[in-house]
There are 2 protein chains.
Amino acid sequence: MALAHTILAVLSHSPFSGYDISKQFEEVGVGCYWQASQQQIYRELGKMEQQGWVTFEKIPQEGKPDKKIYQMTEVGQQELRRWFGEPTEPMPIREDLLVKVLAAPFMPRDLLVKELRHRRQLHTEKLLEYQAKEAEGKVCLPVPVDERFRYLLLRRGIRYEQDWVDWCDEVLDFLKQQESGPSQK
Amino acid sequence: MALAHTILAVLSHSPFSGYDISKQFEEVGVGCYWQASQQQIYRELGKMEQQGWVTFEKIPQEGKPDKKIYQMTEVGQQELRRWFGEPTEPMPIREDLLVKVLAAPFMPRDLLVKELRHRRQLHTEKLLEYQAKEAEGKVCLPVPVDERFRYLLLRRGIRYEQDWVDWCDEVLDFLKQQESGPSQK
DNA sequence: AGCCTATACTCAAATTGTTGAGTATGTCAA
DNA sequence: TTGACATACTCAACAATTTGAGTATAGGCT
């Protein structure tokens, strides 16, 4: 049920349309740590409206479908606060790449190397993107409080990507060592 | 579809019963980077059998239901190899805790601190568990090849938990600083 | 003129994941 | 001896996620 709460968290900053929210889920701000498709968001908003967590105002538009601007209700705020007070559990990692490492002893070594390089590349790109964002934000101080919290999320993203890159290097090093000197069978 | 491939990866080490596999998913070896419930595994094994990726041998047992020992087929091996050659994408992070940080500017600060300490604790425990495992494994060399690959997975787990602990500390520091000197509004 | 992208939302289907109950028995400890 | 725990699997229902199509129009590119 965390999707609903993520939407509530977004709406606590300001009212948005479903489309706006889905855009935010694609961006670095939200999307780098919680993904959801447009369809999921629309459906969830529908459910949330039924539960009274949000209300919407229909904005008629010409040439486009009517926009629905969603806003948190008092009930929604209470729900968010209630959820905020509950302890969370870490999400389990679910990574195809790690499954590949599990299967690796029985697979051609070069395919694994290729894959690791590929992943290293992807994580490096993300990392650079986040670091650019970080440098950008550091220019102008003072910053409003919620910007500072966003910065902490960005830090989480940076660490995460850096960690992946480092691990890829570690594995790549391991494989190189194995190759050069397979001293033990 | 990665669950099926994870099961194939497990079965490439040796034949197992569904129950055995589900046990492995609970352990550090597999479970720390791919979770699945017993029911999921049984269901998946059923599907895989229909597709011809695995076969099973019924082992009658006294006092217990018959055991089904699953084994990869030639087709299953081919499938695993095909999948192994395909590039993988990083899984998106989905963390309640990060959603909480997003909502944090509008929530009581002490609840966030409590939550961060809680999570820091959980990750520290995991970390110690993994590090114990690491130290254990380092005693006796030489090690067979597939043990070495398992070690790389353990390293991924260690890094992951360490990274979470470090980030929690970073956020906790940030909050302490905010508290003591809220110089800018 | 034809195509792609962006805005803005809806509906349906398939797959995956979670939760809980049900069947059966052996072992170990309080 | 009662209750918890481990073995070993099945079935059912629900919730969540993914995938894809469908409706509609404006604006820009070729």
What nitrogen or oxygen pairs link the protein and nucleotides 12-14 of chain D at under 3.5 Å?
none

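Phe25(B) places its CZ atom 16 Å from the C1' atom of dT18(C), with the value rounded to the nearest Å. When the P atom of dG17(C) is taken as reference, atom CD of Gln40(B) falls 5 Å away, rounded to whole Å. Protein atom CG of Leu45(B) is 14 Å distant from nucleotide atom P of dT16(C), rounded to whole Å. One atom, CH2 of Trp34(A), and another, P of dT18(D), lie 11 Å apart when rounded to the nearest Å. Between Glu57(B) atom CD and dC9(D) atom C1' there is a gap of 17 Å when expressed in whole angstrom units. To the nearest angstrom, C1' of dA24(C) lies 12 Å from CG of Asp66(B). In this structure, CD of Gln38(A) is placed 14 Å from C1' of dT18(D), rounded to the nearest angstrom. Remark: P of dT10(D) and CZ of Phe56(B) are 8 Å apart, rounded to the nearest angstrom.
Taking the side chain to side chain donor-acceptor pair (under 3.5 Å) definition, one finds that Asp163(A) meets it with Arg156(B), sequence neighbours left out. For Tyr70(A), there are no side chain to side chain donor-acceptor pair (under 3.5 Å) partners at least two apart in sequence or on another chain.
Under the 4.0 Å criterion applied to side-chain N and carboxylate O atoms, Glu147(B) and Arg150(B) are not assigned as salt-bridge partners.
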Handout entry: Full working for salt bridge (charged side-chain N to carboxylate O under 4.0 Å, His left out) between Lys133(B) and Glu136(B)
Key = CA-CA 5 Å; Lys133(B) 197 114 188 161; Glu136(B) 198 186 293; 5.1 Å; no
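Note on ring orientation: taking the six-membered ring where Trp is involved, the planes of His5(B) and Trp83(B) are parallel (angle under 30°, cut-offs 30° and 60°). By the 30° and 60° cut-offs, the orientation of the rings of His123(A) relative to Trp164(A) is parallel.
Between Ile69(B) and Pro92(B), the residue anchored closer to the 5' end of DNA chain D is Ile69(B), taking for each the nucleotide with the nearest heavy atom.
If you check the side chains of Gln38(B) and Tyr19(B), you find no donor sitting under 3.5 Å from an acceptor. At a cut-off of 3.5 Å, with distance as the only test, a side-chain donor of Asp166(A) or Gln162(A) sits close to an acceptor on the other residue.
Ile41(B) contributes atom CD1, which lies 10.0 Å from atom OG of Ser17(B) (distance to the nearest 0.5 angstrom).
Atom CD of Glu125(B) has more than 12 heavy atoms from other residues, nucleotides or ligands within 6.0 Å.
Cation-pi check for Lys47(B) over Trp53(B) is not met; the charged atom does not lie both under 6.0 angstrom from the ring centroid and within 45 degrees of its normal.
Heavy atoms of Lys58(A) sit nowhere under 4.0 angstrom from any nucleic acid atom.
The side chain of Lys67(A) sits closest to dC9(C) out of dG17(C), dT18(D), dC9(C).
The terminal axes of the helix from dA1(C)-dT30(D) to dA30(C)-dT1(D), fitted over 5 pairs per end, subtend an angle of 30° to the nearest 10°.
In this model, the phosphate group of dC9(D) is approached by a side-chain N or O of Tyr42(B) to a distance below 4.0 Å at OP1 or OP2. Residue Lys47(B) places no side-chain N or O under 4.0 Å from the OP1 or OP2 atom of dA14(C).
Taking a 4.0 Å limit (strictly below) on heavy-atom distances, residues 10-20 of chain A reaches DNA chain C at Ser17(A), Gly18(A), Tyr19(A).
Residue pairs meeting the salt bridge (charged side-chain N to carboxylate O under 4.0 Å, His left out) criterion with at least one member in residues 79-99 of chain B, sequence neighbours excluded: Glu79(B)-Arg82(B), Arg82(B)-Glu86(B), Glu95(B)-Arg119(B).
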